[in-house]
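Below you'll find the structure, written out as structure tokens, and then a few comments.
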Amino acid sequence: MEPAFLNHLNEVQKVAVLQSEGPVMVLAGAGSGKTRVLTYRVAFLLSQGVEPYNIMALTFTNKAAREMKDRIISLVGDQKSRSVWMGTFHSVFAKILRFECEKIGYPNNFTIYDTDDSKSVLKAIVKEYQFDDKAYSPGFLLNRISSAKMNLIDPDMYLQDPEIQYADKSANKPLVGQIYKEYWKRCRRSDAMDFDDILYNTDLLFRDFPEILLKYQNRFHYILVDEYQDTNYAQYLIIRRLAALRQNICVVGDDAQSIYAFRGANIQNILNFSKDYPDHKIFKLEQNYRSTKNIVDAANSVIVNNKSRLHKEVWTENDVGEQISLFKSSNDAEEALMIANSIFHSRMTYQMNNSDFAILYRTNAQSRALEEAMRKLNIPYRVYGGISFYKRKEVKDMLGYFRLVVNPADNEAFFRVINYPTRGIGNTTINKLSLLATQYEKPIWDIVENLDKIPNDFNSGIRRRIGDFYTLIKNFQLIEEKTPAYELAKKIAAASGMMKALFEDKTPEGVSRYENLEAVLNGVKMYEDDFATENEGAAARLVDFMLNVALLTDMDEKDDENDKDRVSLMTIHAAKGLEFPFVYIGGLEENLFPNSMSVNSRAELEEERRLFYVAITRAMKKLTLSFAEMRYKWGEMNFCEPSRFIDEIDGKFVDIPRKFVQKSVAANTFNPLDKKEKTGNVFAKKQISNSAPPPTKDKNFLPGELAKISDIAEGVRVEHARFGHGTVVKVEGEGPNIKASVEFDGFGVKQLVLRFARLKLSDK
DNA sequence: CTCCTCCCTTTTTTT
DNA sequence: AAGGGAGGAG
């Protein structure tokens with residue numbers, strides 16, 4: 001008999017859920033309930049008697065996994081749902097590696113290096129080899145290495161591949177392969193895996209050890225993958241291996257929402273599905289339940305501009321709803337205030353909660369101005385992403401101690417804590433130790449451990465200090481296995497001297513840092529409790545906690561139950577999979593969104609457009625777009641052009657105030673080049689003539705009007721609020737910093753920054 | 001060895 | 001705007 005909860009689904013969703021055996025792909029438009037299908041599928045399987053530990057569900061964030069789990073619990077109960085393997089690719093496979101990695105030469109207390117650790121290793125390599133640190137910046141190298149690993153290319157393959165070598169040589173960076181090899185060696189030596197290694201090594205494990213693969217094939221009878229369009233090659237291959245035996249695999253995805261190509265996501269994975277599983281079934285979910293007709297249609301009108309996409313028609317039976325609003329502001333601070341104001345009023349008018357609102361943006365840096373505005377208007381908010389809790393210095397330091405206790409070979413952890421709090425072991429000493437480690441090809445810890453057996457020139461004072469540090473850490477290493485995580489963490493925190501150092505710092509920052517340390521310890525405690533629930537009361541060790549914490553992001557932080565009613569601020573990437581009644585998208589400007597890094601190729605531009613599509617389709621009831629004419633970047637004010645994406649939305653869905661169009665076109669006259677491009681855009685033209693009469697051509701400006709910057713030229717007569725009338729004698733500078741020297745009648749020559757001067761044209 | 005100041009780069013998105 | 005690195009004083 002079908003469980004009653006299946007009545008919550010529409011016909012297609014239901015069929016997709018009931019098709020529980022064999023390969024299934026669900027292609028689903030935004031808001032059409034794809035996560036719902038996954039959730040109900042798991043619930044359905046459980047209700048049919050499938051054992052929870054036979055199901056693996058991979059999601060994009062830990063938060064998504066947790067929400068799905070809660071939902072399943074509410075459908076079929078706690079007992080049945082608890083031991084479903086649910087989580088991100090990284091967290092699920094890190095867990096498997098913890099059990100199996102000895103096969104591939106890692107101890108099971110391996111460390112997971114985060115991006116900062118990886119960069120720090122790369123920086124050290126470039127420095128030691130005295131390579132050009134401009135050409136070989138850590139960020140660039142990590143990108144290269146990461147792409148290689150995602151495509152399962154190890155250093156030897158990298159060095160032997162003629163195409164890659166040619167590309168690196170042409171880019172004048174022939175040494176990348178060599179650095180990759182050294183980086184690989186050092187990670188191994190430190191018993192450390194970076195994010196990409198988790199996938200690479202999982203694939204390696206399954207590739208080279210068929211008996212292990214078989215074990216997990218027999219373990220996971222049913223495999224479900226969310227956001228399939230964003231999987232990379234390594235993830236694709238792992239899934240294919242695991243599913244090969246039973247072929248009970250269900251993937252859901254939407255090619256129009258693929259926004260992680262920069263992280264190796266490959267749309268090919270969707271196309272390959274049909275080839276890999278000839279017996280597959282495909283279901284298309286095209287009815288949107290989330291958004292108003294206006295929003296759905298506007299999103300469709302944007303995405304048709306992409307050439308590469310699979311055919312899919314998203315439609316809705318929902319109300320037409322309000323038109324999309326467009327805000328124009330003169331700078332980022334004003335934009336933020338407009339948005340904050342609008343939230344304030346909408347919340348009153350429609351009797352909504354703060355949590356019904358979200359502000360989305362392209363880059364994390366944009367959150368600052370928005371936060372200020374929210375504070376000014378006393379609107380509670382939460383920023384997701386940005387500087388995550390686990391990236392703060394004091395938190396990383398504390399975790400550094402934990403890491404070194406759990407894995408003595410972890411060099412990055414060693415560097416981090418050897419002299420913090422300061423214990424008289426300075427850079428010279430650390431460099432010497434580091435050099436010895438490279439010479440002996442050993443972790444630094446081994447050098448420290450055997451300092452009296454190897455020749456060195458440390459004086460007795462330094463030896464004693466190093467010895468003290470060694471003893472401090474060693475004592476904890478010896479009891480790690482037998483001590484529950486929280487108890488050990490508390491001891492380490494106290495003995496390290498960190499608690500004391502920060503407790504004594506009574507500055508506000510110091511107090512907050514101390515609180516952060518307490519939060520870390522609370523985190524250990526909470527983890528220990530969860531671990532006990534999931535493992536029949538077993539006590540978590542610190543090593544378990546560390547594996548988990550390395551893969552947490554602050555998207556995953558649990559919301560404070562008592563303080564949930566906040567406006568959400570996040571990047572569009574982070575907003576994927578979420579929905580809000582009211583959505584604001586800020587910073588719709590050329591070179592910001594689409595980002596200047598992504599306007600050089602069609603593929604990149606199309607990804608930006610998909611990102612815009614994702615942003616639009618987060619909105620349920622009301623969408624507001626916003627752009628500013630000026631914005632701070634790297635501490636400097638810059639002029640901005642409205643984003644081309646605004647023009648791509650069919651004008652009939654957008655509410656453009658009349659005065660606004662005139663002003664906006666006038667602003668564009670500033671840059672003659674851009675104007676040419678704009679008028680060449682049929683969409684733009686049509687939109688403007690649809691919504692407003694053509695703007696007045698203002699060659700014959702009227703005296704008394706505020707002058708446009710382009711009008712200011714040598715010889716022009718102007719009027720200033722304080723200095724009165726005068727003649728422009730010189731114009732210099734560029735963009736926002738254009739200055740004019742004006743000879744005022746009676747005040748002499750003054751230099752004015754035009755964007756502040758508010759000059760009027762004068763006929764006197 | 002430690003602490004301070006100045007100068008430099010950095011930001012596109014994330015597990 | 002802010003954090004990290006280099007360089008100098010104590």
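Computed from heavy atoms alone, side chains included, the values below leave out hydrogens, waters and symmetry copies. Just so it is clear: chains get the letters A, B, ... in the order the sequence lines come, proteins before strands, and each one is counted from 1. Note that the structure is predicted; figures quoted are calculated from it, not measured.
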Fill in: Stacked cation flag A/Arg609 on A/Tyr613, 6.0 angstrom / 45 deg
no
Fill in: Separation of atom CG in A/Asp196 from atom C1' in B/dT15, rounded to whole Å
8 Å
Quick one: which protein N/O atoms are closer than 3.5 Å to N/O atoms of nucleotides 2-5 of chain B? Pair and distance per line, please.
from: B/dT2; atom 1: OP1; to: A/Gly424; atom 2: N; distance (Å): 3.0
from: B/dT2; atom 1: OP2; to: A/Asn419; atom 2: ND2; distance (Å): 3.3

Worksheet entry | Short side-chain N/O contact to B/dC1 OP1/OP2 from A/Thr428, under 4.0 Å | yes
Item to complete: Identify, with sequence neighbours excluded, every residue that meets side-chain hydrogen bond (donor to acceptor under 3.5 Å, both in side chains) alongside A/Ser146.
Response: A/Asp196
Worksheet, complete the sentence: Expected string for nucleotides 8-14 of chain B under the B/S/- scheme (protein heavy atoms, under 4.0 Å, primed atoms plus P, OP1, OP2 as sugar-phosphate) is ---BBBB
Worksheet entry | Residue pairs fulfilling salt bridge (Lys or Arg N to Asp or Glu O under 4.0 Å) with at least one residue in residues 142-152 of chain A, sequence neighbours excluded | A/Arg144-A/Asp168, A/Lys149-A/Asp194, A/Lys149-A/Asp197
Worksheet entry | Residues forming a ring-ring contact (aromatic ring centres under 6.0 Å, His included) with A/Phe580, sequence neighbours excluded | none
Response to the item:
Taken in chain and number order and not counting sequence neighbours, the residues that satisfy salt bridge (Lys or Arg N to Asp or Glu O under 4.0 Å) with A/Arg98 are A/Asp544
Worksheet item: Sequence neighbours excluded, which residues qualify as salt bridge (Lys or Arg N to Asp or Glu O under 4.0 Å) partners of A/Glu67?
Response: none
Worksheet item: If you look only at pairs with a residue in residues 410-433 of chain A, which of them pass as a ring pair (Phe, Tyr, Trp, His ring centres under 6.0 Å), with sequence neighbours excluded?
Response: A/Phe414-A/Phe469
Response to the item:
Footprint ends on DNA chain C, 5' to 3', for atoms under 4.0 angstrom from a heavy atom of chain A, come out as C/dA1 to C/dG5
Worksheet item: Taking atom C1' of B/dT15 as reference, at what distance in whole Å does atom NZ of A/Lys95 sit?
Response: 17 Å
Discussion item. Tell me every residue that passes salt bridge (Lys or Arg N to Asp or Glu O under 4.0 Å) with A/Arg263, counting only those two or more places apart in sequence or in another chain.
Written reply: none
Fill in: Partners passing salt bridge (Lys or Arg N to Asp or Glu O under 4.0 Å) against A/Asp410 (at least two apart in sequence or in another chain)
A/Arg403
Discussion item. Classify A/Lys123 by what it touches in the nucleic acid, base, sugar-phosphate, or nothing, heavy-atom distance under 4.0 Å.
Written reply: sugar-phosphate
Worksheet entry | Qualifying residues under ring-ring contact (aromatic ring centres under 6.0 Å, His included), relative to A/Tyr129, sequence neighbours excluded | A/Phe131
